[in-house]
Amino acid sequence: AANYAAGRRIEAVRAQPGLARRLLAGIIVLNLLPLVFYKLISGYGTAWLGLFLMPEGIDALQQHGLPLGLSYIVFQLISYQVDVYNELADSEKRFLTFALYVLLFPKIIVGPITRYRDLAAQFEERQLTPAGVAEGVRRFILGLAKKALIADTLGRIVNPAFDLPAPNFSTGIAWLVTVGYALQLYFDFSGYTDMAIGLGQMLGFRFVENFNYPYISKSISEFWRRWHISLSSWFRDYVFYPLEFTRRRADRLRQQLHVLIVFLLTGLWHGLTLTFVAWGLLHGLAIALEMGGLGRALKRAWAPLQHAYALAVILVGWVFFRSASLSYAGQFLARLAGWQGGITPLPYTMTQPLPVID
């Protein structure tokens, strides 16, 4: 309701840039506050809330859990307000239609992050045909198979490994778990996206594609043009470009700094923990270096070497992304590099058929 009213008001005062800018800043902060609040709970639990809430309030938060799809809802609301402010879209006059955009259920859990201006025409006239419904059903079945048959099966190896207090397994198992997690994450996330797109097609909506064979990338820059496309394009349009336009001609060093800021925020969007910060900065640093000499060298390199470089950065990044702490991630990377110390053999009854399978 607050975002609906703010969008209408921002459109009405576009002729007063100062007032419109203050309204935009206020509604963005209002949207970000609950996101930061629940990300803190997700990353650090509820003990810190004892400084602000009585125990009964903390218990209530623990019982109700996190709001469904909050991260995606917040980013869609911010994009709506910025587009209205920049006159890329008119505000939605009908409250129920606006609520439909925000809470359209196929995309609410894991996206893709859709923009109001891309769906506005579809709210007026959806193309609902038998062929489109059939295509949506097929897409949904494909996504369900990715999730249930592949991702969940891989999870039986990956999840117990990362749930251990320390990586108590050999280098070979560490590589198996790393590659398994890369595949699990892709098939899980792209499977959910396929199901969302398929459900949307069954209802007559067309959502943006979110994945395009990301693991065939030859650089990290290319990877982010193929992985979680709606998120990377959101940060490009609503964070990177505004940072660039603060100066008419940003030099290379400033552009690289802007890239690092974007990927720091990308990591924080996933979670307010040091492991997500490390993951985001690793990707940001790789892209910043690719904007200079590394990028030129990559283009001249043998294609398999380009793929090997991209996969190495991606896999190291996933270790940080999945680990519960920087300490665990460091030990895991040491395992990948061949360190065999500190392994405590477990009885066969606890490790069949592999040391980490649940």
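By convention here, the first residue in the shown sequence is residue 1.
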Does the pair Leu104 and Lys107 meet the rule for a side-chain contact (heavy atoms from CB on, under 4.5 Å), with working shown?
CA-CA 6 Å; Leu104 188 58; Lys107 62 177 178 59; 3.8 Å; yes

Just wondering, more than 12 heavy atoms not from Phe276 lying within 6.0 Å of its CZ?
yes

Heavy-atom side-chain proximity of Arg21 to Tyr85 below 4.5 angstrom
yes

Aromatic ring centroids of Phe321 and Trp318 under 6.0 Å?
yes

Considering only heavy atoms from C-beta outward, does the side chain of Leu164 approach that of Phe169 to under 4.5 Å?
yes

Does one side chain, of Gln76 or Thr114, offer a donor that lies under 3.5 Å from an acceptor on the other?
yes

Could you tell me whether the side chains of Lys39 and Ser71 share a donor-acceptor contact shorter than 3.5 Å?
yes

Members sharing Leu305's hydrophobic cluster, built from side-chain contacts under 4.5 Å between Ile, Leu, Val, Met, Phe, Trp and Tyr, are Trp302

Is Val319 close to Leu336 at the side-chain level, that is, under 4.5 Å between some pair of heavy atoms?
yes

So does Arg139 pair up with Glu209, basic N to acidic O under 4.0 Å?
yes

Quick one: do Arg117 and Glu87 satisfy salt bridge (Lys or Arg N to Asp or Glu O under 4.0 Å)? Show the steps, please.
CA-CA 11 Å; Arg117 65 176 187 260; Glu87 301 185 36; over 6 Å; no

Verify the distance criterion only: is there a donor paired with an acceptor across the side chains of Asn159 and Arg322 at less than 3.5 Å?
yes

Is there a ring pair (Phe, Tyr, Trp, His ring centres under 6.0 Å) between Trp279 and Phe263? Walk through the geometry before answering.
CA-CA 9 Å; Trp279 170 76; Phe263 277 92; 7.7 Å; no

Treating Arg335 as the side-chain partner and Trp339 as the backbone partner, does any N or O pair qualify as donor plus acceptor under 3.5 Å?
yes

Can a donor-acceptor pair be found, under 3.5 Å and without considering hydrogens, that links the side chain of Gln256 to the backbone of Ala288?
yes

Side chains of Thr273 and Thr275: any donor to acceptor distance under 3.5 Å?
yes

Would you confirm whether His270, through its side chain, and Thr266, through its main-chain N or O, come within 3.5 Å as a donor-acceptor pair?
yes

Taking Asp188 for its side chain and Gln184 for its backbone only, find out whether a donor-acceptor pair lies under 3.5 Å.
no

With rounding to the nearest 0.5 Å, note down the distance linking OH in Tyr328 to CG in Leu333.
10.5 Å

Decide yes or no for Leu183 and Ile150: does some side-chain heavy atom of the first lie under 4.5 Å from some side-chain heavy atom of the second?
no

Among the clusters formed by ILVMFWY side chains lying less than 4.5 Å apart, do Leu253 and Leu243 turn up in the same one?
no

Pair Glu290-Tyr309, side-chain donor/acceptor within less than 3.5 Å
yes

For Gln340, all residues meeting side-chain hydrogen bond (donor to acceptor under 3.5 Å, both in side chains), sequence neighbours excluded
Thr171

Hey, what do you get for OG1 (Thr178) to CD1 (Ile173), rounding to the nearest 0.5 Å?
11.0 Å

Please check if atom CD1 in Ile109 has more than 12 non-hydrogen atoms from other residues, nucleotides or ligands closer than 6.0 Å.
no

Is Tyr4 reachable from Leu88 through a run of I, L, V, M, F, W or Y residues, each pair having side-chain heavy atoms under 4.5 Å apart?
no

Could you tell me the separation between the CZ atom of Phe207 and the CG atom of Leu199, rounded to the nearest 0.5 Å?
8.5 Å

Which atoms form the tightest heavy-atom contact between Leu315 and Ala182, and what is the distance?
CD2-CB, 3.7 Å

Would you kindly confirm whether Tyr241 and Met291 end up in one hydrophobic cluster when ILVMFWY residues are joined by side chain heavy atoms under 4.5 Å apart?
yes

What residues, two or more places apart in sequence or in another chain, satisfy side-chain hydrogen bond (donor to acceptor under 3.5 Å, both in side chains) together with Asp237?
Arg115

Would you tell me whether Asp83 and Tyr238 have side-chain atoms, one donor and one acceptor, within less than 3.5 Å of each other?
yes

Do Arg206 and Glu135 meet the salt-bridge criterion of a basic N to acidic O distance under 4.0 Å?
yes

Is there a path of hydrophobic side-chain contacts, each under 4.5 Å between heavy atoms, that joins Leu185 and Trp175?
yes

Any cation-pi pair here, Lys146 with Phe211, using under 6.0 Å and within 45°?
no

Side-chain touch Ile28/Leu32, heavy atoms, less than 4.5 angstrom
yes

All ring-ring contact (aromatic ring centres under 6.0 Å, His included) counterparts of Phe75, not counting sequence neighbours:
Trp234, Phe235, Trp269

Residues in ring-ring contact (aromatic ring centres under 6.0 Å, His included) with Phe205, at least two apart?
Phe123

For Ala286 against Ile220, the heavy-atom pair lying closest together
CB-CG1, 3.7 Å

Checking side chain to side chain donor-acceptor pair (under 3.5 Å) for the pair Tyr116/Glu92: CA distance, chi angles, key distance, verdict?
CA-CA 9 Å; Tyr116 172 76; Glu92 176 54 55; 2.5 Å; yes

Where do Lys218 and Ala310 come nearest, in terms of heavy atoms and distance?
C-CB, 3.9 Å

Just wondering, do Val208 and Ile229 contact through their side chains at under 4.5 Å, heavy atoms?
no

Is the backbone of Pro112 close enough, under 3.5 Å, to the side chain of Ser230 for a donor and an acceptor to pair up by distance?
no

Partner residues of Phe140 under the ring-ring contact (aromatic ring centres under 6.0 Å, His included) criterion, sequence neighbours left out:
none

Side-chain heavy-atom pair Thr153, Phe187 within 4.5 angstrom cut-off:
no

Using every non-hydrogen atom in the two residues, find where Leu203 and Pro106 come nearest and quote the distance to one decimal.
CD1-CG, 4.0 Å

Atom pair CG (Leu260) and CG (Leu281), whose distance is rounded to the nearest 0.5 Å
6.5 Å

Determine, using the 4.5 Å side-chain heavy-atom cutoff (strictly less than), whether Val137 and Leu142 are members of one ILVMFWY cluster.
no

Determine whether a donor-acceptor pair (N or O, by modelled atom type, separation under 3.5 Å) exists between the side chain of His283 and the backbone of Gly317.
no

Any idea which heavy atoms bring Val13 and Leu23 closest together, and the distance?
CG2-CD1, 3.8 Å

Just verifying a value: how many Å separate Leu68 CG and Ile73 CD1, rounded to the nearest 0.5 Å?
7.0 Å

With a 6.0 Å cut-off on ring centres, are Phe332 and Phe162 close enough?
yes

Between Ser323 and Phe320 (side chain of the first, backbone of the second, donor and acceptor by atom type, cut-off under 3.5 Å), is there such a pair?
no

Salt bridge between Lys299 and Glu222, side-chain N to carboxylate O under 4.0 Å?
no

Any Val313 side-chain heavy atom under 4.5 Å of Phe223 side chain
no

Correct closest heavy-atom pair for Ser219 and Leu298 would be CB-CD1, 4.2 Å

Rounded distance (nearest 0.5 Å) linking atom CG of Asn31 with atom CD1 of Ile27
5.0 Å

